[in-house]
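Following: one structure in structure tokens, then a few remarks.
Convention: sequence-line order gives letters A, B, ...; per-chain numbering from 1.
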Number of protein chains: 2
Amino acid sequence: MKKLINDPEAVVREELQGIEAAHGDLVRVSYDPYYIVRKDAPVQNKTAIISGGGSGHEPMHGGFVGVGMLDGACPGEVFTSPTPDQMAAATQAVSGGKGVLHIVKNYTGDVLNFEMAADMARADGIEVEAVVIDDDVAVKDSLYTAGRRGVGTTVLAEKITGAAAEAGASLSEVAELCRKVNANGRSMGMALTSCTVPAAGKPTFDLGEDEMEIGIGIHGEPGRERRKLASANEVAEMLAQPIVDDLPFRQGDRVLAFLNSMGGTPLIELYVVYQALDKYLRGRGLTIERNLIGPYITSLEMAGCSITLLRLDDELTRLWDAPVNTAGLRWGV
Amino acid sequence: MKKLINDPEAVVREELQGIEAAHGDLVRVSYDPYYIVRKDAPVQNKTAIISGGGSGHEPMHGGFVGVGMLDGACPGEVFTSPTPDQMAAATQAVSGGKGVLHIVKNYTGDVLNFEMAADMARADGIEVEAVVIDDDVAVKDSLYTAGRRGVGTTVLAEKITGAAAEAGASLSEVAELCRKVNANGRSMGMALTSCTVPAAGKPTFDLGEDEMEIGIGIHGEPGRERRKLASANEVAEMLAQPIVDDLPFRQGDRVLAFLNSMGGTPLIELYVVYQALDKYLRGRGLTIERNLIGPYITSLEMAGCSITLLRLDDELTRLWDAPVNTAGLRWGV
């Protein structure tokens, strides 16, 4: 295992120390239990939003804490759900009296733990709503999931709901908006290589030198099929076609195209895929109105990419464009 | 070779097509010869700045073209200098009557070609100054370089000079500022793995499963030593100590700490390195006043990192903080 770490058991704690040292102007870090909140949390009379999940997907979620996006994030150990007490403590830390939205990726552990955390927070008098993101069209059920997995649309939901909450939306409005983003977002990913969980010390799965996995999950869960390496143009279509057909996206739709690196795939390759994605979507009559290209929801150092399409309307576009000030996404400030 | 590409010979052209499709709101792309310029180029009565070099280091340089940073960039083939006619054409395309600064990384091919391009542009009546960045403390000479290599400080110089040019500085002022950034910036990098140039199809060099290369160049050029894998804490000190001692940075100095991924190293590991870097620099009496963490000057999919420190004063800090609107760096807009 070749990684820039010290102790495999200390990766998440030391990562948090790095985030605290680097971004103390934006966030505060709690170590017992682990969570990251906006520096000015709790913001009084603002709907708060938290998310969380296993570590190893950076910058998601901790890198999205800040003005205009998340109020807080709970990192679990690598690829491991955070615990209900972490989530409850983060909920308490961000609660400003107007309720707290939990944005939950659809993995069985995350969903159960967020449900328990919501009950704990409600017992403390905090109003909580939860929205589960399940946008991955690759497989119906998966290794850690009943139903579809929650992947790239999560990043977009965190940005868009964060903008609405910043502008004064109520908890029920923010939750409804989050359901709208989930309903209009679809994703699929692929891998060229596995990743290695530090505590495991060996690759999560094996892929031959001439193989790739289409429909992979963000923890290396099996996808639709393992097949021979294909070209970037073919890969773009293998991912984009099921996404477009699933919603379905229709001719004339305006979309946000989010092309994500799984961690080990550099930008030079993402742009080669993007030219193919752009051509494919034009051919289907879609207009890319906004895009996001880079490593935003990663699987450690896995090589590969995922595509997320979100159908836009004026409301979603306006909220996407609103100012955001986080370590992972920043504009307008 | 596992890469998301189509034809190894077409990678740069297709990458440019992706950049054009994605960032047409920011830039224009020329295909004959290859260059990327600000959408509004040439900006009349503004000192223009271009840079260039081999592809494979994305987002540098094309991702740094836009308001507040570069006016233009010339991408060569992967790890190959652009040609003088490319550089001359880009110079012409951005020239707004107030002169053009060439920011050149110190590699022999780049330096010679930029010199020829400057002569060609001057023959066309364009005033040109060139500043060579040579900030890599690892080795005195290198495989493609007489003197020190130009690496991470280039990114910082492009941002800082771009802000000054945007604010109305003359060519001689912008060139002087660029020399100041180079004089106050130092870098060193390391690799855990090699990278594979698409046209070569096999790794540039071999590193054993328990080895790393300290002082690596951004094209995989040999560094100071090949040694056994060490911890993130040790790696941070192996890079930071020679940097601090070289300038030298002194107790009380304020610095910008730029922790760069070579491409394949994900953010979770960079933050583990950052906590170590932060501790080391505090121990040396330095204050990190600004930071930049992520993949900004990469070597394709190479795993590893580099550290750049820039000694700040009020002028450099103010110019670093100024608005920038590029695909690779964006704030304030």
Tell me, out of Glu301(A), Glu58(A), Met302(A), His57(A), who's got the most heavy-atom pairs with chain B below 4.5 Å. Glu58(A)

Take atom CG in Asp210(A); do more than 12 heavy atoms of anything else shown fall under 6.0 Å from it? yes

Okay, Leu277(B) and chain A: the region with an atom under 4.5 Å from a heavy atom over there is neither

Could you tell me whether the side chain of Val11(A) reaches within less than 4.5 Å of the side chain of Lys3(A), counting heavy atoms only? no

Mind checking whether His219(A) and Phe79(A) have parallel, tilted or perpendicular rings, split at 30° and 60°? perpendicular

Where does Asn291(B) contact chain A at under 4.5 Å (heavy atoms): side chain, backbone, both or neither? side chain

Below 4.5 Å, heavy-atom pairs only: which of Met1(A), Arg330(A), Met190(A) has the largest tally toward chain B? Arg330(A)

Is Ala327(A) in contact with chain B via its backbone, its side chain, both, or neither, using a 4.5 Å heavy-atom distance? side chain

Contacting moiety of Ala21(A), where chain B heavy atoms sit under 4.5 Å: both

Considering only heavy atoms, which portion of Val78(A) lies under 4.5 Å from any heavy atom of chain B: side chain, backbone, both, or neither? side chain

Quick one: which of Glu20(B), Glu211(B), Arg290(B) has the most heavy-atom pairs under 4.5 Å with chain A, could you say? Glu211(B)

Do Glu234(B) and Asn6(A) get their side chains close enough for a donor-acceptor pair, meaning under 3.5 Å? no

To check you understand the geometry: which heavy-atom pair defines the closest contact between Arg284(A) and Tyr280(A), and what is its length? NH1-OH, 2.7 Å

Which residue out of Val235(B), Asp278(B), Ile19(B), Leu16(B) racks up the most heavy-atom pairs below 4.5 Å with chain A? Ile19(B)

Segment of Leu270(A) engaging chain B (4.5 angstrom heavy-atom cut-off): neither

Segment of Ile293(A) engaging chain B (4.5 angstrom heavy-atom cut-off): side chain

Under the salt bridge (charged side-chain N to carboxylate O under 4.0 Å, His left out) test against Glu213(B), which residue among Lys228(B), Arg227(B), Arg226(B) passes? Arg226(B)

Return yes if a side-chain donor-acceptor contact under 3.5 Å exists between Tyr274(A) and His23(B), otherwise no. no

Applying a strict 4.5 Å limit to non-hydrogen atoms, the region of Thr265(A) in contact with chain B is side chain

Looking only at heavy atoms, the pair that brings Cys305(B) and Met262(B) closest together is N-CG, 3.5 Å

